[in-house]
**Q** 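One structure, pasted below without further comment.
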Amino acid sequence: MPPGFRFISGYLDRAAQETLLAAIGEVIARAPLYTPRMPRSGKPLSVRMTNCGALGWISDVAGYRYQPTHPQSGEPWPPMPAILLETWRMLAAYPHPPEACLVNFYAPTARMGLHQDRDEQDFAAPVLSLSLGDGCLFRLGGLSRKDPTRSFRLASGDALGLG
């Protein structure tokens, strides 16, 4: 795997997954799932999402960005649950706390294409991902669109870091 990539199969045991699910349920109660839209075209994404933390990642006709409020309610994002902050401290190897936590909800027909995360101000900050629920196929690409990709399965409780 490339430098900075870390995969931890089964990082969250069943009890931790249930704790995380309950915490995410509280986040969704305060910041409901919504359907983001593609920049310029306004076409809806197939995934629904919400956020927690000081900032939330947004996609709409105006573009991709981080903002401090929910795009529909205008309310501030709820704070990050303790289990997420603890996971960050354990896995991120980064001196600053996270500012944003994006929660993606994938229905059976939802898909996410290969993409780059490049809206961050500090590219030294890792992206940490926790899987909860159904398994999926994860594709990892390179720095260029022409680079080969690698695919592997993620299961509920898996963690991965992209540094």
Side-chain angles (χ1 to χ4, degrees), residues 1-7 20-21 23-81 84 87-88 92 94 96-156 158-163:
M1 291 295 169
F5 179 83
R6 185 172 178 203
F7 173 63
L20 178 57
L21 180 61
I24 294 301
E26 291 176 18
V27 166
I28 292 170
R30 293 186 54 195
L33 293 168
Y34 66 95
T35 302
R37 299 194 168 269
M38 289 295 296
R40 293 182 296 278
S41 74
K43 180 180 175 185
L45 275 67
S46 65
V47 64
R48 292 186 298 155
M49 63 178 54
T50 191
N51 291 270
C52 55
L55 297 171
W57 186 84
I58 301 296
S59 175
D60 60 18
V61 294
Y64 303 121
R65 66 190 176 282
Y66 287 93
Q67 70 180 40
T69 57
H70 191 285
Q72 293 175 337
S73 72
E75 294 293 319
W77 300 108
M80 267 185 239
L84 293 176
T87 300
W88 177 265
Y94 187 69
H96 306 291
E99 294 181 288
C101 176
L102 172 62
V103 177
N104 286 332
F105 179 82
Y106 298 92
T109 57
R111 18 181 331 132
M112 170 96 42
L114 195 60
H115 66 280
Q116 293 180 338
D117 290 334
R118 42 180 196 193
D119 302 314
E120 291 72 23
Q121 289 181 355
D122 182 1
F123 288 113
V127 173
L128 182 61
S129 176
L130 297 173
S131 294
L132 191 60
D134 292 338
C136 69
L137 186 66
F138 182 86
R139 290 180 53 212
L140 179 66
L143 297 177
S144 164
R145 289 193 181 271
K146 295 178 182 178
D147 289 345
T149 63
R150 296 180 180 147
S151 297
F152 57 96
R153 287 237 156 251
L154 291 177
S156 190
D158 289 349
L160 62 86
L162 302 164

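All residue numbers refer to positions in the sequence shown, counting from 1.
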**Q** Only counting residues at least two apart or in another chain, list the ones meeting side chain to side chain contact (heavy atoms under 4.5 Å, CB included) with Ser41.
**A**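 Checked Ser41 against side chain to side chain contact (heavy atoms under 4.5 Å, CB included); matches are Met38, Lys43.
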
**Q** Measuring only between side-chain heavy atoms, which start at C-beta, is Pro98 closer than 4.5 Å to Met80?
**A**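 The answer is yes; the side chains approach within 4.5 Å.
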
**Q** To the nearest 0.5 Å, what is the distance between CZ (Phe7) and CG (Asp158)?
**A**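 Atom-to-atom, Phe7:CZ and Asp158:CG are 4.0 Å apart.
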
**Q** Going by side chain to side chain contact (heavy atoms under 4.5 Å, CB included), name the residues that satisfy it together with Pro44, two or more places apart in sequence or in a different chain.
**A**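 With sequence neighbours excluded, Pro44 shows a side chain to side chain contact (heavy atoms under 4.5 Å, CB included) to Thr35, Arg37, given in chain and number order.
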
**Q** To the nearest 0.5 angstrom, please state how far the CG atom of Leu160 sits from the OG atom of Ser131.
**A**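 Rounded to the nearest 0.5 Å, the CG-OG separation comes out at 6.5 Å.
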
**Q** Find out whether Pro32 and Ser73 are in side-chain contact, i.e. whether some heavy atom of one side chain is under 4.5 Å from a heavy atom of the other.
**A**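 Not touching, per the 4.5 Å side-chain cut-off.
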
**Q** Listed by chain and number, what are the side chain to side chain contact (heavy atoms under 4.5 Å, CB included) partners of Ile28, not counting sequence neighbours?
**A**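 With sequence neighbours excluded, Ile28 shows a side chain to side chain contact (heavy atoms under 4.5 Å, CB included) to Ile24, Leu33, Thr50, given in chain and number order.
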
**Q** Which distance, rounded to the nearest 0.5 Å, do you find between the CD1 of Ile58 and the CG of Leu102?
**A**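 So the gap between those two atoms works out to 9.0 Å.
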
**Q** Got a sec, which residues hit side-chain hydrogen bond (donor to acceptor under 3.5 Å, both in side chains) with Asp60, two or more places apart in sequence or on another chain?
**A**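 By the side-chain hydrogen bond (donor to acceptor under 3.5 Å, both in side chains) rule, Asp60 matches Arg65.
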
**Q** Below 4.5 Å, heavy atoms only, C-beta onward: do Tyr34 and Arg48 meet side chain to side chain?
**A**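 No, side chains not in contact.
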
**Q** How long is the straight-line distance from OG of Ser156 back to CG of Leu130, given to the nearest 0.5 Å?
**A**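 So the CG of Leu130 and the OG of Ser156 are separated by 10.0 Å.
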
**Q** Hey, what do you get for CG (Leu162) to CG (Leu140), rounding to the nearest 0.5 Å?
**A**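 Output value for this atom pair is 6.5 Å.
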
**Q** Thr69: which residues meet the side chain to side chain contact (heavy atoms under 4.5 Å, CB included) condition with it, sequence neighbours left out?
**A**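 So Thr69 forms a side chain to side chain contact (heavy atoms under 4.5 Å, CB included) with Gln67.
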
**Q** Can you list the residues that meet the ring pair (Phe, Tyr, Trp, His ring centres under 6.0 Å) rule with Phe138, with sequence neighbours excluded?
**A**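 Phe152.
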
**Q** Taking all non-hydrogen atoms of both residues into account, name the closest pair between Val47 and Pro36 and its distance.
**A**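 It is O-CD, 3.3 Å.
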
**Q** Which atom names give the shortest non-hydrogen contact between Gly135 and Arg153, and what distance separates them?
**A**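 Nearest pair, atom of Gly135 first, then Arg153: C-NH1, 4.2 Å.
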
**Q** Mind listing the closest non-hydrogen atom pair of Leu84 and Cys101 along with its distance?
**A**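 Smallest heavy-atom distance, with atoms named: CD1-SG, 3.6 Å.
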
**Q** Classify the angle between the aromatic ring planes of Trp77 and His70 as parallel (below 30°), tilted (30 to 60°) or perpendicular (above 60°).
**A**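 Correct class here is tilted.
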
**Q** Tell me the closest heavy-atom pair linking Ala92 and Pro126, and the distance in Å.
**A**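 Smallest interatomic distance, heavy atoms only, reads O-CG, 3.4 Å.
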
